[in-house]
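Inspection log for the structure reproduced underneath, given as structure tokens.
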Number of protein chains: 2
Amino acid sequence: MYAATAAQNSGRFLANTDAPDPPLTLKALFRRQALNRIEAGSTLFLEGDQAKHLYEVVEGVLRIFKIIGDGRRIITGFLYPGDLVGVSLRDRYLYSAEAVTLTRFRTFGRREFQDAVNSSPLLRPQLFDRLCDEMAAAQNQMVLLSRKGAEEKVCSFLLARLRHQQQMNPLTMVIDLPMTRLDIADYLGLTTETVSRTITKLTGSGILVPEGRHGLRILKAKTLENIAGDDDQDGDNRAARRN
Amino acid sequence: MYAATAAQNSGRFLANTDAPDPPLTLKALFRRQALNRIEAGSTLFLEGDQAKHLYEVVEGVLRIFKIIGDGRRIITGFLYPGDLVGVSLRDRYLYSAEAVTLTRFRTFGRREFQDAVNSSPLLRPQLFDRLCDEMAAAQNQMVLLSRKGAEEKVCSFLLARLRHQQQMNPLTMVIDLPMTRLDIADYLGLTTETVSRTITKLTGSGILVPEGRHGLRILKAKTLENIAGDDDQDGDNRAARRN
DNA sequence: ATAATTTGTAACAATTCGTAACAGTCGAGC
DNA sequence: GCTCGACTGTTACGAATTGTTACAAATTAT
């Protein structure tokens, strides 16, 4: 498998990088691309644009969303460091992408990306797995949007955020929410007021307490889980299961 | 492109089909598989099952759905002839699949399928395009579920069905709805009553008339489009667009 | 024909929305 | 460091949509 010419991934300081040692992972593909940044609120691309590039979020948070006729906005996802944007589409972006916070990212030409993945038996399954995960997330979101009440929606969202942040910091019980209430509302199919009301209610129940401007400290994670009801199985949540 | 050995697609009656002329399309992959059938209401597979196979619907309609804790059901999609089921998942089914009507289908081992696609530069982009279309559909469904009212939901659904049936029969204005009101409700995030109410209202507006048990004749397709509001753009629907 | 399922209608209830007023936070500039 | 102003978030309340419950009608299955 391609005797190491220089080094796996390090030592690429001689500008002329024309010997493309084949990357072993999707992330490695991006690693040589220049790092760009956009300010909070700026647009990365618009729905319907010719999809010439795709992006890897390195730092910050993006929102991807669709707007329908009368201005209603639907945020179909938030993207965090490590996520790829603009993969699962044919030739035009299906959604717009904006920075929630100052965001650093790497860019890759779609054509080149497709070629690279297409010619690498290692990369192909990685891409496929990403698409599958994206699909699974979309389906869970459909469940949330169509059949969950406001409290369940908010708890599901908070729980997902908590889990995500615990991947990096396993002990933490504090959720950082860089997006606004409007963003959260448009992601959960609610209004800002309902999001506020619900968080207030959860605070009143002692499930969480606000911590700083954009932070929430989770006090009763188990209760949060129970309300979120994210179990894919039949019975009730966790405990309490006899009729 | 592989000189035709026997015939493109016909003449495969000698049982021993061991010379695997490489299929040019995904559909061709399935064509040699045996045809199975399941009765209306029967289960093809369950959410969480080990995903050993994938399926191509040949005739009939399937519903794929998830059930959450207290029995709420979410139909994430209906599958019609030509659709593949069980592709975009890692190793367990993300949803259950049942037959809405008597359904004929072909089965393929997932392992073999992956191998076949993986080794064919022709098949790979076809699979990728299918996944992208599936993703696009999921996102449109998120829009529908999170921000559309009952009337918009029903009209969007009916319009999609009409378009689908016009692909086969371009002139028809009659929609066949083999699924029950409950199925439709669980697909649109409504209740059967609301679906009924809405269809009654649309009938009252002269937009459509019931035709037989499972049929609806569309009288004002344009109006249906306007209510559905499925345009991905900014302004109002189709016409009327000057401020 | 009878039973079971599905669909339709109506009155009522519940949740979420929409509007509005108010409070809190952050940043700019003094 | 402080004040002002803009933006974001919170709370309250009336309104609207959809869900709930109940029942009747229609269709299909036994």
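Just so we're on the same page: letters track the sequence lines, and every chain starts at 1. These values consider heavy atoms only, across backbone and side chains, with no hydrogens, waters or symmetry-generated copies. On a predicted model such as this, the values are computed, not experimentally measured, just so you know.
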Rounded to the nearest Å, what distance is computed from the [atom1] atom of residue [X] to the [atom2] atom of nucleotide [N]?
X: B:Ile199; N: D:dA26; atom1: CD1; atom2: C1'; answer: 16 Å
X: A:Lys148; N: C:dA14; atom1: NZ; atom2: P; answer: 24 Å
X: B:Leu177; N: C:dT6; atom1: CG; atom2: P; answer: 15 Å
X: A:Leu182; N: D:dT10; atom1: CG; atom2: P; answer: 13 Å
X: B:Lys153; N: D:dT17; atom1: NZ; atom2: C1'; answer: 11 Å
X: B:Asp186; N: C:dT6; atom1: CG; atom2: C1'; answer: 14 Å
X: A:Leu144; N: C:dT16; atom1: CG; atom2: P; answer: 12 Å
X: B:Glu152; N: D:dT17; atom1: CD; atom2: P; answer: 12 Å

Would you mind classifying the nucleic acid contact of [X] as base, sugar-phosphate or nothing, using non-hydrogen atoms under 4.0 angstrom?
X: B:Thr200; result: sugar-phosphate
X: A:Gly212; result: nothing
X: A:Ser196; result: base
X: A:Leu190; result: sugar-phosphate

Closest to side chain of A:Glu193, choosing from C:dG18, C:dC26, D:dT20: C:dG18

Can you figure out which of C:dT16, C:dT7, D:dT18 approaches the side chain of B:Thr180 most closely? C:dT7

Do [X] and [Y] sit within salt-bridge range, that is, some charged N less than 4.0 Å from a carboxylate O?
X: A:Arg197; Y: A:Glu151; result: no
X: B:Arg110; Y: B:Asp91; result: no
X: A:Asp70; Y: A:Arg72; result: yes

Side-chain N or O of B:Thr191 closer than 4.0 Å to phosphate OP1/OP2 of D:dT18: no

Side-chain N or O of B:Arg181 versus OP1/OP2 of C:dG8: is the shortest distance under 4.0 Å?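 Yes, such a contact exists.
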
Can you see which heavy atom on A:Asp133 is nearest to which on B:Arg90, and at what distance?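 Nearest heavy atoms, A:Asp133 then B:Arg90: OD1-NE, 2.7 Å.
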
Between A:Arg197 and A:Arg147, which has a closest nucleotide on DNA chain D that is more 5'?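 The answer here is A:Arg197.
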
Those residues at least two apart in sequence (or on a different chain) that pass salt bridge (charged side-chain N to carboxylate O under 4.0 Å, His left out) with A:Lys153 are none

